[in-house]
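Below: the structure, in structure tokens.
What you are looking at is a predicted structure, and each value in this text was computed from that prediction instead of being measured. Numbering of residues begins at 1 and proceeds along the displayed sequence.
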Amino acid sequence: MRAARNARGWSQALLAEKAGMAVNSVGRMERGEMGLSFKRIDAVANALDVEPAALFAVEPPVTPTPEKARLLHRIQVLLHRMSEEELLRLMRVVKAVET
């Protein structure tokens, strides 16, 4: 988050204004002292005009191949159609495969 803000030459105050949050919240988020809700992540990403994942990237994001981009889009569509219960079950499966 700090890297994206600094790349634009923005102060914490300017980012806070554009994201609609308090200046001290931006500082606390950058230092890892404040929990990041989806709402806060989305507000900061929109203000910086980046994908939310870019706020957490250690390396610059890699542009996926066209096939991978299509697959990711199809997965995203399917996820949006799922109920909360289905998403929780899927999360357990993903965690099991991840390890």
Ala47 to Leu15 - nearest heavy-atom pair and separation: CB-CD1, 3.9 Å

Mind checking what makes side-chain hydrogen bond (donor to acceptor under 3.5 Å, both in side chains) contact with Arg8, not counting sequence neighbours? none

Correct closest heavy-atom pair for Glu86 and Ser83 would be OE1-N, 2.7 Å

Are any side-chain N or O atoms of Arg40 and backbone N or O atoms of Gly35, one a donor and one an acceptor, separated by less than 3.5 Å? yes

State which residues pass side-chain hydrogen bond (donor to acceptor under 3.5 Å, both in side chains) with Arg31; sequence neighbours excluded, sorted by chain then number. Glu33

Looking at every non-hydrogen atom in both residues, tell me the closest pair between Trp10 and Arg5 and how far apart they are. O-NH1, 2.9 Å

Does Arg28 have any salt bridge (Lys or Arg N to Asp or Glu O under 4.0 Å) partners at least two apart in sequence or in another chain, and if so, which? none

Can you list the residues that meet the side-chain contact (heavy atoms from CB on, under 4.5 Å) rule with Ala3, with sequence neighbours excluded? none

Might you point out which heavy atoms bring Val23 and Ala13 nearest each other, and give the distance in Å? CG2-CA, 3.8 Å

Set of residues satisfying salt bridge (Lys or Arg N to Asp or Glu O under 4.0 Å) with respect to Arg81, sequence neighbours excluded: none

Residues two or more places apart in sequence or in another chain: which of them pass side-chain hydrogen bond (donor to acceptor under 3.5 Å, both in side chains) with Glu51? none

Pairwise distance CG(Leu55) to CD(Glu30) - rounded to 0.5 angstrom: 10.0 Å

I want to check something: taking the side chain as every heavy atom from C-beta on, are His80 and Gln76 in contact at a cut-off of under 4.5 Å? yes

